[in-house]
Amino acid sequence: MPTLSTTFNQPYTIARQINSLDNLSGGRFGVNLVTSFAGEENYGGTLPRPNERYARAREFTDVLVK
């Protein structure tokens, strides 16, 4: 099961990736979504505050489920 950051990815991109894996596995696929607490230097930006990361993660999850 892959672990994916909701802080450094876009929901559309992740939805396409996990949909492909879900189809290949016959529906036996899961994903672990996390709010990253480091890594901003790899993506060229600043890390949002925790409450902003958690709000984004909730919205991100809602988008993926739909």
Side-chain angles (χ1 to χ4, degrees):
M1 173 173 23
T3 298
L4 303 166
S5 172
T6 60
T7 304
F8 301 118
N9 290 295
Q10 296 300 318
Y12 175 77
T13 305
I14 298 302
R16 289 187 52 113
Q17 292 171 347
I18 63 175
N19 186 50
S20 295
L21 292 171
D22 188 53
N23 287 332
L24 289 171
S25 70
R28 299 181 53 89
F29 175 78
V31 65
N32 181 32
L33 298 175
V34 297
T35 60
S36 299
F37 61 88
E40 66 277 7
E41 65 276 356
N42 297 329
Y43 292 91
T46 58
L47 190 64
R49 298 171 59 134
N51 59 335
E52 295 169 4
R53 292 195 319 266
Y54 300 143
R56 176 177 167 86
R58 282 188 293 276
E59 182 180 8
F60 199 103
T61 303
D62 290 342
V63 169
L64 288 182
V65 169
K66 291 178 182 175

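In this chain, numbering begins with 1 at the start of the sequence shown. It should be emphasised that the depicted structure is a prediction, and the values quoted were computed from it without experimental measurement. Heavy-atom basis, side chains included; hydrogens, waters and symmetry copies ignored.
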Nearest-0.5 Å distance, CD1 of residue I14 to CG of residue N19: 12.5 Å
Steps toward side chain to side chain donor-acceptor pair (under 3.5 Å) verdict (Y12, R16): CA-CA 6 Å; Y12 175 77; R16 289 187 52 113; 3.2 Å; yes
Gap separating the CG atom of L64 from the CG atom of L4, nearest 0.5 angstrom: 8.5 Å
For S25, all residues meeting side-chain hydrogen bond (donor to acceptor under 3.5 Å, both in side chains), sequence neighbours excluded: none
Rounded distance (nearest 0.5 Å) linking atom CZ of R53 with atom OG1 of T6: 8.5 Å
Within 6.0 Å of CD in E59, more than 12 heavy atoms from elsewhere: no
Separation between CZ of R56 and CG of N9, rounded to the nearest 0.5 Å: 8.0 Å
Spatial distance of atom CG (N51) from atom OG1 (T35) [nearest 0.5 Å]: 11.0 Å
